[in-house]
Structure formats: C-alpha cells, structure tokens
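Please find one structure pasted underneath; my questions will follow.
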Amino acid sequence: MPRLLARFVPAAVLRAGLISLLLSCAPYAAATTVLSSIQPLQLIAHGVLGEHGEAQVLLPAGASPHQYTLRPSDMRAVQAADLLFWVGPELESFLPKVLERRSKPSTALLHAQGMRLKHFAEAHAAEDHHEHDHSHDSLDPHFWLDPHNAQQIAAVMAEQLSKLEPANAAAYQANATRFSQALNAADAQLRERLAKLNNKPYLVFHQGYDYFEAHMGLKAQGVFVFTPEIQPGARHLHELRQRLKAVGAACIFSEPPQVPRTLHSLGEDLPVRFGQLDPLGQDSANFVALYLNLGNELASCLEQL
C-alpha cells in the first residue's frame, strides 16, 4: 500500500501531511492561568484575560477572606498558577507564609501603585472600637468597591499579563480599557440613582463598604459586626437598636450566605426593612454586575423608606 500511495501522491504532499501529523501530536500549550484570592479580583481578571487564559479563584463561595484554611488542592493551585493576585495581608492573613514557597509572580494589589486607600479610622472615628480588632490606623482592604481602584486593578493585571505574554499585550490592554468604560457607565447610572438617597438611614452587616459609601456620598448609621468572625457584644447591639429607634424607618442589610438571627432582632417592632448586599459578588457574572447589584440592592431598599 505505501508504494501504491507513492505512485499517485506527490512527495511534497506526503511531507506536508507528515509534518501536520507530527504537529498534532506535539504537547498542547496550556492557557495562561491567573489565580485570584477572592471573587471580585477573579471577575476583574476574567475581564482582562478575555479568551487568552483562565481566571480561577482560590476561596470558594461563602468562605470569608478574613479567615480561611487552605486545603491541599488550594496549595497546589497556588503553586501552579502563572500569576497570582491577592489583596494583601490586611485581608488574607493566611496567605503570606504560603506565598513564600511560590516561585511564580504574585501581586498584593492593595499595595500596588495608583490605589486610593482608606484607613478604618477615617470612616468610623466616632464608632466604639472596643468590640472589634481593626486598629485605628489600619488599611481598609475592601478597596475594590471604589471604581477607581477596580480600574487600577485591571490596569495592573493587564501590565503583569503583558509582561508574561507580550504577544497578547495589545489584547490585554484593550480588555482593560473596555472594562474601565463599562464600569464608568455603571457608576454613572448608580450615582444618579443614589444621589437622591443620601439622607436615608441604613445599617450594614460588616465594615466593608466605606469605599463605596465615600464614593457615593452615603454613610451608614452603624455596623453590625466589624469583622464577620467576631460577634457583636451586648453593648454594641443596644447602641445600634437605640440608633434605629432614633431614626425611625431604616434599612438593615445582611450579607450572603446567612442572615444572623440577632440581626433581625435589632429591627423587632421597629419600622425597618431588610435587604442583602454582596461585596464579594458570589452570584455575579462579571465585576460590573457585582458593582451594579450592590448599588441597586442598596437603592431598592432605601427608596421604600
């Protein structure tokens, strides 16, 4: 049979077919893998990567970034990812020692250039700080809820990816630009809606919204817990209930996945409405959706007061 083929098939065609067969058997070049510690960063990375890589997230849905125990599969993912993005030790205190053993690039975005950062004391100087563990001058790590910071995060990711894959640099920069434009449009929409609600009283579940509130000109009447792992004391709960009594109709916002029973008891026999805010965007398809969902959920409750 080979001799028969040689009689009717030109040698050049046979050589081309052999080269194609060898190329098809060559090892497949794996797509670039970007691992982000939390979902907001993963959603931004997904927007910057586009079709040129895979954006993975370390923490599963419902896990708190303030306190997490890495599984063996998490450890392998940390070591294998081409790029790793995290907020910083102010949020993921479980990561620094693990990253010491990582040989590939890692970036603590809270400390990247161009971020507009806040300290906890700036937003809650008048709060009672005896029942939480934020020091008065510690950095607030929930910085992705300021759209300027989210756009800067995308820019840093595009820069890091461009260094890793120069051939795709133009695509990464273009994706970051599109992300910024889409976020600007969403921000303008929310600012218009929330501008009429800056005098409406509300209570948030934990101290994670200072960036968003400062950007939108809003201010919560109080915070249920300062960190999700520390339950509020009796004195703090009493003070929050007294504030709610004083302001009358108000909104109380919980966070997924659970609503503490104590949170509902705060509004017992008071004219309050309940809503839910998700700063991690557990059910959001992209970061712009996370941002819009957060603002619209806030507005939807406040508009009913």
Side-chain angles (χ1 to χ4, degrees), residues 38-40 43 61-66 123-124 127 132 140 142-147 150 183 186-232 236-305:
I38 57 174
Q39 185 157 331
L43 293 175
S64 171
H66 296 273
H124 289 272
E127 293 279 0
H132 68 91
D140 183 345
H142 306 88
F143 72 135
W144 62 89
L145 292 181
D146 182 324
L183 188 56
D187 183 54
Q189 176 184 330
L190 287 183
R191 286 174 70 86
E192 181 179 1
R193 187 178 184 187
L194 289 168
K196 300 170 285 188
L197 304 171
N198 57 7
N199 63 338
K200 301 289 186 179
Y202 64 96
L203 177 78
V204 293
F205 176 70
H206 97 287
Q207 195 174 1
Y209 303 93
D210 292 347
Y211 287 94
F212 185 83
E213 290 174 328
H215 179 71
M216 292 295 179
L218 301 170
K219 183 69 162 59
Q221 292 293 317
V223 178
F224 180 66
V225 294
F226 292 95
T227 59
E229 293 76 29
I230 301 176
Q231 292 302 304
H236 183 62
L237 291 175
H238 175 74
E239 290 176 352
L240 290 178
R241 185 163 171 82
Q242 292 305 114
R243 291 182 198 176
L244 289 173
K245 286 181 178 180
V247 299
C251 287
I252 299 178
F253 292 101
S254 61
E255 293 177 10
Q258 297 179 342
V259 181
R261 294 175 59 185
T262 313
L263 192 64
H264 270 289
S265 68
L266 275 177
E268 188 175 357
D269 301 325
L270 296 177
V272 302
R273 292 182 176 272
F274 291 91
Q276 190 171 76
L277 302 177
D278 184 6
L280 295 177
Q282 295 181 25
D283 296 321
S284 299
N286 55 65
F287 186 85
V288 174
L290 178 159
Y291 192 70
L292 281 172
N293 290 341
L294 182 71
N296 286 326
E297 285 296 323
L298 183 64
S300 294
C301 186
L302 296 180
E303 287 169 343
Q304 298 180 62
L305 299 180

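When a residue number appears, it is its place in the shown sequence, counting from 1. All of these numbers come straight from a predicted model, not from anything done at the bench. Reckoned from all heavy atoms, side chains included, excluding hydrogens, waters and symmetry mates.
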Exercise for the section: Give every residue pair that meets the disulfide (SG to SG under 2.5 Å) criterion with at least one member in residues 265-305, sequence neighbours excluded. Expected result: Cys251-Cys301

Exercise for the section: Work out which heavy atom in Glu255 is nearest to a heavy atom in Pro279; give both atom names and the distance. Expected result: CD-CD, 4.1 Å

Exercise for the section: With rounding to the nearest 0.5 Å, note down the distance linking CG in Leu190 to CG in Leu294. Expected result: 8.5 Å

Handout entry: Pairs flagged by salt bridge (charged side-chain N to carboxylate O under 4.0 Å, His left out) wherever residues 283-294 is involved - sequence neighbours left out
Key = none

Problem - Sequence-distant partners of Ala289, side-chain contact (heavy atoms from CB on, under 4.5 Å), two or more places apart - result: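 side-chain contact (heavy atoms from CB on, under 4.5 Å) check on Ala289 returns Ser284, Asn286, Asn293.
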
Practice task
With sequence neighbours excluded, tell me which residues meet side chain to side chain donor-acceptor pair (under 3.5 Å) with Asp278.
Solution key: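 In terms of side chain to side chain donor-acceptor pair (under 3.5 Å), with neighbours along the sequence ignored, Asp278 is linked to no residue.
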
Please set out all donor-acceptor pairs under 3.5 angstrom arising from side-chain atoms of residues 260-275, sequence neighbours excluded.
| from | atom 1 | to | atom 2 | distance (Å) |
| --- | --- | --- | --- | --- |
| Ser265 | OG | Thr262 | O | 2.6 |
| Arg273 | NH1 | Gln304 | OE1 | 3.0 |

Completion exercise
Hits for side chain to side chain donor-acceptor pair (under 3.5 Å) against Glu303, two or more places apart or cross-chain, chain-then-number order -> Arg193

Problem - Closest non-hydrogen atom pair, Ala186 against Val288 - result: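 Minimum heavy-atom contact is CB-CG1, 3.7 Å.
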
Handout entry: All pairs passing side-chain hydrogen bond (donor to acceptor under 3.5 Å, both in side chains) where residues 194-205 contributes a residue, at least two apart
Key = Tyr202-Glu213

Exercise for the section: For the residue pair Leu145 and Leu290, establish whether any side-chain heavy-atom pair is separated by less than 4.5 Å. Expected result: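 The answer is yes; the side chains approach within 4.5 Å.
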
Practice task
Evaluate the side-chain proximity of Asp210 to Lys219: yes if any heavy-atom separation is below 4.5 Å, no if none is.
Solution key: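 Heavy-atom side-chain distance check fails, nothing below 4.5 Å.
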
Exercise for the section: State, yes or no, whether a side-chain contact exists between Phe253 and Leu203 at a heavy-atom distance under 4.5 Å. Expected result: no

Exercise for the section: Can you sort out the partners of Arg241 under side chain to side chain donor-acceptor pair (under 3.5 Å), two or more places apart, ordered by chain and number? Expected result: none

Practice task
Check Ala285 against Leu43 and note the closest heavy-atom contact, atom names and distance.
Solution key: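 Scanning both residues completely, I find the closest heavy atoms to be O-CD2, 3.8 Å.
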
Problem - Residues which pass ring-ring contact (aromatic ring centres under 6.0 Å, His included) with Phe224, listed by chain and number, not counting sequence neighbours - result: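 For Phe224, the residues satisfying ring-ring contact (aromatic ring centres under 6.0 Å, His included) (neighbours in sequence not counted) are Phe205.
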
Problem - Nearest heavy atoms of Leu194 and Ala299, plus distance in Å - result: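 Answer, listing the atom of Leu194 first, then Ala299: CD2-CB, 3.7 Å.
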
Problem - Candidate pair Arg191 and His215, rule side chain to side chain contact (heavy atoms under 4.5 Å, CB included), full reasoning - result: CA-CA 9 Å; Arg191 286 174 70 86; His215 179 71; 3.3 Å; yes

Practice task
State, yes or no, whether a side-chain contact exists between Gln276 and Pro256 at a heavy-atom distance under 4.5 Å.
Solution key: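 Sidechains of Pro256 and Gln276: in contact.
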
Problem - Heavy-atom pair with the smallest gap, counting every atom of Ala150 and Leu183 - result: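 The pair with the smallest heavy-atom distance is CB-CD2, 3.7 Å.
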
Exercise for the section: Report the residues that fulfil ring-ring contact (aromatic ring centres under 6.0 Å, His included) with Tyr209, sequence neighbours left out, ordered by chain and then residue number. Expected result: none

Exercise for the section: Measure the shortest side-chain to side-chain distance between Leu197 and Leu298 over non-hydrogen atoms and say whether it is less than 4.5 angstrom. Expected result: no

Practice task
Taking side-chain contact (heavy atoms from CB on, under 4.5 Å) as the test, write out the residues that go with Gln242, two or more places apart.
Solution key: His238, Lys245

Fill in the blank from the handout: Tightest non-hydrogen contact, residues Leu280 and Gln39, listed as O-CB, 3.5 Å

Exercise for the section: For Tyr291, check ring-ring contact (aromatic ring centres under 6.0 Å, His included) against everything at least two apart and list the hits. Expected result: Phe212

